Amino acid sequence: MEYNFREIEQKWIKEWRKRETYKVTEDPSKEKFYALSMFPYPSGAGLHVGHPLGYIASDIYARYKKHQGFNVLHPMGYDSFGLPAEQYAIETGTHPAETTEKNIARYREQLDKLGFNYDWSREVRTSDPSYYKWTQWIFKQIFNSWYNNDTKKTEPIATLIEKFNANGSYNVNAAQDEEWFKALDLEKFPFFGEYFVGEFTATDWQSMNEEQQQLILMHYRLTYLANSWVNWCPALGTVLANDEVKDGKSERGGHPVVQKLMRQWSMRISAFAQRLLDDLDTVDWSDSIKEIQRNWIGRSKGASVKFIVAGHSETIEVFTTRPDTIFGVDFVTLAPEHPLVNVVTTAEQKADIAAYVQSASLKSERDRQSDVKNITGCFTGAYCEHPFTGKQIPIWIGDYVLASYGTGAVMAVPSGDQRDYDFATHFKIEITAIMEGADISEQADASKDKPLMNSDFLNGLKGKKAVNAAVSAIMDKDAGRGKVQYRLRDAVFSRQRYWGEPVPVYFKNEIPYLIEDDQLPVTLPPIDEYLPTEDGDPPLARAKKEDWDVFEGDRMELNTMPGWAGSSWYFLRYMDPHNTEEFVSEEKMKYWNQVDLYMGGAEHATGHLLYSRFWTKVLCDLGHLSFNEPFKKMINQGMILGRSSILNRDKANPNTYVCVSHLEDYNEKFPSPEYKTVDERFQKLRIDIHLTDNDSLDKEGLKAWQKEYFNAEFYPKDSGFSCGHEVEKMSKRWYNVEDPSVLCDKFGADTLRCYEMFLGPVEQSKPWDTKGINGVHNFLRKLSRLYIDKEGVLLVTDDAPSKDSMKTLHKTIKKVTEDLNRFSWNTVVSGMMIATNELTEQKCHSRAVLETLTLLLSPYAPHLAEELWEKLGNSDSVTTQEWPVFDAAHLVESEIHYPVSFNGKMRFKISLPAEFTKDQVEEAVLAYEKTAQYLPDGKPKKMIVVPGRIVNVVV
RNA sequence: GCUCGAGUGGUGGAAUUGGUAGACACGCAAGACUUAAAAUCUUGUGCCUUAUGGGCGUGCGGGUUCAAGUCCCGCCUCGAGUACCA
């Protein structure tokens, strides 16, 4: 066999391992490059052809950078804590560690076949105690920190205690819940009294006992324990982060999610909202990911305004982005859950309000969201005062106001906001017009460019001026202030699950304390069943005291960390994976620094990619990192979609299957009274894609595939039979999954690597179609035939290469280099194909050309390149060779083929000496015989000559 | 609804700064080899056409330009994200 890829690939996999070709060490004499692919969760299903797409791309880039002389870190590992292994444990009793181990072995086997240049000695697994020891250590760092809004930085909790000791809470500007003091159990702080609003003196602080101080500090820490509304998923028995909930259902499994008040650990990511937003400008990520993060953070600038409730001491605080419309307020709406609802409601309205609150609480979050058109609400009977006019403004409640955003209350300006408008119209509330020239007879006018009216001191103003004037007036009245509001909520960090990192915390008198560093890691204790206890405690509650390797206080923390904990910092551990003293040494962290190229799916935009940025900022503020952002450049690979095969079954005659091109003809010939049209008549069944080849069905294969097809009848009976097809996500249940290992066995890893790149731009989603793989395989075979003949005899000569061959070579060096520099992986393959075609045509077997060609091939087809490199007589690895340099001298042409256009339409080409000036070209074109055909009078209106490129004649 | 992308042959796609639209590959067709098939090789392949020629062609309609897939304006379709966010 001329291109024996099986032999070649197996040989080099062994050799590379033996020679430790891909081992990476820190080398200060070389510039570093850090290429990273998102590590996978090792699922039971194994890899499909979609997974390696990004891995191959980053592998090619890493190899290319190594050729260019960079010291390249390109590691791989496993995000090995997760729900599926635990679900399997619940069903079968198998320890998740065992399942995980097995799945990792399968992943490794599949990955090894693909020829990646990973340094496996740096592998990390998030579920390995030597790894999660440091996840726990980072948790402790975050626990021991607070966010200083004055310095805009994370600071150790000690600096806060210093401030408390010096001045109490005065001069402390910390990121915390604005009304944190309301959550404090005042019975434990008798000296605060009922008017406590969160301020205390140094003397107060010093007179507090340990418990009291800890309770106060808990409201400042960057990770804190609090009763918060969480997304509870009963089916999974755990809480979920906001990004783990899609359309009111759990992202994994699609189970219903309800809101529940629970005492949970949270991470104060909201403190970083502005920095997470601002620093997006410093990273080279796709616009779409940046946009998704911006939307998720959801910054709105506006004002918070207080309305005094008539006859009460209470005020209602609202957030508005349009303080300029303050004179258009016709009512105030509270969320049904708003704490003041019970306080302000009048006796007459009590029953109605109670009924409405009750009905709203019964509706799930999902129902409330989907039911936008149905306007509901209820009047409380109470009024508040307009801060400027003193007008009595009715207070309503309505479920279009969300309790969880802003203050849970809005000042309704029906003339300027459509939802308020709809609400007012529905309940026949009078609408005040406040903008000149605005037509509000049909709908609200939300524009900012019309001058205000009926607005006292704002009359005639518009836009920013009006907003600023309104805000300063509101401040003068002491009725509020300008404010920036974010949608980003703190991230819930507790999971009521077993297979995750234990939180390094124990409780004494229900106060949490950290486990000492030298006791870490707190490892997972063995338990008898992976289910919650009968009391509803998390699975870890099943562990007895002696089952824990570390046990302190009254009890250990029973929650584990969420999936994103381990993945928020794994890129750091690759730098120094075996360090037992630190999570990463300062030296190695400074050397490898940020990830230069991060390859991964866009689906992590609001989860992993946001949390990693958050932890990086915390660790940077605390002095553990020298950089502020983890991933400098990111490319999101698209999804590879499957091409499902569809078999048409006659519903009237369920054992008969009809060829896709005979559906109408069959339906006419054998009409069915029940199913009239073709659409009604046929059931579309998905069958294993390996039973079809280019839609043509293997009938015997189908009969053998599943019992129900054993006696299948086909129409037409004897001629060829075609199935339909559908492009959709690759999934086991559609029988459309392609296993890369199977393709590796059939065509070789080098072919698969080239083919996955050849499919198109990596960022784009595209259907997987095995048909084209032959073409790419042929290319590699054709290329190898430049070096060796059918019998394996070396054809390479030391003859001087022809001018044409040198031109082909240098053209290709230029193309490959330029394309890789702009991350255009797909066009490199066609460039190499063109080179191969041309060199074959030129019968080029010259060493000078082929040696360099091998280098160009090496990132894409490393096994073949290594083999050819050895065949050329080299003993060192091709991976250590320097990247070829493009020499323009080889591309210089004596003649240039000018395309000649008339009025912009290309008509013919003319070959002219390269040194011709504009005038000479013009002259030559006019003298050319074919020109007369398009220019009968020989006199052009105008002539455009771009030397070396094009001629355009304007007729 | 809002935000961000994308629309090019039968298919995947190429065209990097406005300068030969459809590279490269698949598929298809014809031919060679063969008893036959597979494999391989050669040639052709955007559409229309009265065919050594001409016309039309990058979602649609306008515009700028000597020249537009590329730039500008308006629209349509598809995909992704997000959604009573005040």
Side-chain angles (χ1 to χ4, degrees), chain A residues 246-247 286-296 298-300 302-303 318-322 325 333 335 368-375 398-402 404-413 416-420 422-423 446 485-488 602-603 605-606 636 638-639 643 694 754-755 758-761 763-776 778-779 781 815 818-819 821-822 824 826-837 897-909 933 940-946 948-955:
Chain A
K246 294 262 138 75
D247 299 328
S286 74
D287 288 342
S288 77
I289 293 270
K290 287 189 183 187
E291 203 56 36
I292 291 169
Q293 291 210 344
R294 284 193 192 108
N295 290 340
W296 191 260
R299 181 184 200 269
S300 5
V318 303
F319 175 72
T320 176
T321 53
R322 295 293 303 273
T325 63
T333 316
R368 267 171 77 164
Q369 278 169 20
S370 55
D371 201 9
V372 178
K373 291 203 182 86
N374 193 9
I375 296 159
D399 68 3
Y400 80 99
V401 178
L402 302 177
S404 54
Y405 183 76
T407 58
V410 301
M411 56 174 228
V413 182
D417 181 282
Q418 194 55 44
R419 287 156 312 174
D420 296 342
D422 294 341
F423 194 87
Q485 183 79 39
Y486 301 92
R487 202 181 77 110
L488 184 69
E603 67 272 22
T606 53
N636 304 112
M639 215 192 312
R643 189 178 190 274
N694 191 18
C754 290
Y755 184 55
F758 185 65
L759 275 177
E763 299 96 322
Q764 246 168 59
S765 287
K766 57 225 145 198
W768 176 259
D769 182 355
T770 333
K771 273 184 296 188
I773 202 167
N774 278 308
V776 176
N778 283 343
F779 146 64
R781 200 167 50 195
K815 173 149 185 74
E818 283 177 1
D819 286 0
N821 284 344
R822 65 186 173 103
S824 172
N826 56 325
T827 51
V828 171
V829 183
S830 39
M832 291 292 295
M833 284 174 169
I834 293 168
T836 303
N837 292 345
H897 295 273
Y898 278 99
V900 181
S901 303
F902 291 80
N903 289 340
K905 263 211 173 317
M906 209 281 287
R907 294 301 179 177
F908 57 80
K909 285 173 202 166
Q933 204 177 323
K941 209 166 160 189
K942 193 174 173 185
M943 265 184 97
I944 311 287
V945 177
V946 182
R949 292 202 76 97
I950 198 170
V951 179
N952 190 20
V953 186
V954 186
V955 183

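Given the structure is predicted, the values throughout are model-derived calculations rather than measurements. Just so you know, these numbers use all the heavy atoms, side chains as well, and skip hydrogens, waters and symmetry mates. All chains are named by letter (A, B, ...) in the order of the sequence lines, taking the proteins before the strands, and each is independently numbered beginning at 1.
A distance of about 40 Å separates the C1' atoms of B:U50 and B:G74, rounded to the whole Å. Spacing between B:U65 and B:C75 at atom P, rounded to whole Å, works out to 24 Å. Using P as the reference atom, B:G19 and B:U40 are 38 Å apart when rounded to the nearest Å. Comparing B:G7 with B:G69, their P atoms sit 14 Å apart, to the nearest whole Å. Only the P atoms considered, B:C71 is 16 Å distant from B:A14, to the nearest whole Å. Taking atom C1' on both B:G79 and B:C73, the two are 24 Å apart, rounded to the nearest angstrom. Separation of the C1' atoms belonging to B:U64 and B:C78 is 29 Å when rounded to the nearest angstrom. Remark: the separation of the P atoms in B:G27 and B:G59 is 27 Å, to the nearest Å.
In this structure, the CD atom of A:Gln764 is 8 Å from the C1' atom of B:A6, given to the nearest Å. Counting to the nearest Å, the P atom of B:C84 and the OH atom of A:Tyr400 are 14 Å from each other. Following rounding to the nearest Å, A:Met906 (CE) and B:C56 (P) show an atom-to-atom distance of 16 Å. As rounded to whole Å, 8 Å separates atom C1' of B:A86 from atom CZ of A:Phe319. For the pair A:Glu763 CD and B:G79 P, the interatomic distance rounds to 20 Å; values are reported in whole Å. Atom-to-atom, CD of A:Glu291 to P of B:U3 comes out at 10 Å; the value is rounded to the nearest Å. As rounded to whole Å, 11 Å separates atom P of B:G12 from atom OH of A:Tyr755. Nucleotide B:C4 holds its P atom 14 Å from the NZ atom of A:Lys290, rounded to whole Å.
Judged by Watson-Crick or G-U wobble contacts below 3.5 Å, the nucleotide B:C26 has B:G10 as its partner. For B:U16, there is no paired nucleotide, since no Watson-Crick or G-U wobble pair has both relevant distances below 3.5 Å.
When the nucleotides B:G12, B:U16, B:C85 are ranked by their closest atom to the side chain of A:Lys766, B:G12 comes out on top. Distance from the side chain of A:Asn778 is smallest for B:C26 among the nucleotides B:C26, B:C24, B:G5. When distances run from any side-chain atom of A:Ile834 to the nucleotides B:A23, B:U20, B:U16, the shortest one goes to B:A23. Out of B:A86, B:G19, B:G57, the shortest distance to the side chain of A:Lys905 is found at B:G57. For A:Asp819, taking side-chain heavy atoms from C-beta onward, the closest of the listed nucleotides B:U16, B:G13, B:U20 is B:U16. Of the candidates B:A21, B:G81, B:U82, the closest approach to any side-chain atom of A:Ile292 belongs to B:G81. Checking B:C84, B:G19, B:U3 against every side-chain atom of A:Asp399, the shortest atom distance belongs to B:C84. The side chain of A:Phe758 sits closest to B:A25 out of B:A21, B:A25, B:G19. Closest approach to the A:Lys909 side chain among B:U20, B:A86, B:A25 is made by B:U20 (side chain taken as heavy atoms from C-beta onward). Minimum atom distance to the side chain of A:Asp287 is reached by B:C4, of the listed B:C4, B:C84, B:C85.
Nearest approach of A:Ser286 to A:Asn636, heavy atoms of both residues: OG-OD1, 3.4 Å. Scanning both residues, A:Phe779 and A:Thr836, for their nearest heavy atoms gives CE1-OG1, 3.3 Å.
Among the heavy atoms of the strands lying under 4.0 Å from A:Arg949 are primed sugar atoms or P, OP1, OP2 only; no base atom is included. A:Asn952 comes within 4.0 angstrom of a nucleotide base, judged by non-hydrogen atoms across all strands. Looking at heavy-atom distances under 4.0 Å, A:Asn837 makes contact with sugar-phosphate atoms alone, never a base. Among the heavy atoms of the strands lying under 4.0 Å from A:Leu759 are primed sugar atoms or P, OP1, OP2 only; no base atom is included.
Base orientation at B:A51 is syn, since its O4'-C1' glycosidic dihedral falls within 90° of 0. Using a 90° window around 0 for the glycosidic torsion, B:G79 falls outside it and is classed as anti.
At a threshold of 4.5 Å between non-hydrogen side-chain atoms, the residues A:Phe758 and A:Ile773 do not count as touching.
The phosphate of B:A25 has neither OP1 nor OP2 within less than 4.0 Å of any side-chain N or O from A:Asn826. Within the structure, a side-chain polar atom (N or O) of A:Arg907 is placed less than 4.0 Å from OP1 or OP2 of B:G55. When the side-chain nitrogen and oxygen atoms of A:Arg781 are compared with OP1 and OP2 of B:U40, one or more of them lie within a distance under 4.0 Å. Put simply, A:Arg822 has a side-chain N or O that comes within less than 4.0 Å of OP1 or OP2 on B:A15. Listed pair A:Arg294 / B:U82 fails the phosphate criterion, with no side-chain N or O lying under 4.0 Å from OP1 or OP2. For B:C85, one of the phosphate oxygens OP1 or OP2 lies less than 4.0 angstrom from a side-chain nitrogen or oxygen of A:Arg419. Between A:Thr827 and the phosphate of B:G13, there is no side-chain N or O to OP1/OP2 separation shorter than 4.0 Å.
Other residues, nucleotides and ligands contribute only 12 or fewer heavy atoms inside 6.0 Å of the CZ atom of A:Arg949.
No side-chain donor-acceptor contact under 3.5 Å links A:Tyr898 to the backbone of A:Lys909.
If you find the closest nucleotide of RNA chain B to A:Glu818 and to A:Thr320, the one lying nearer the 5' end belongs to A:Glu818.
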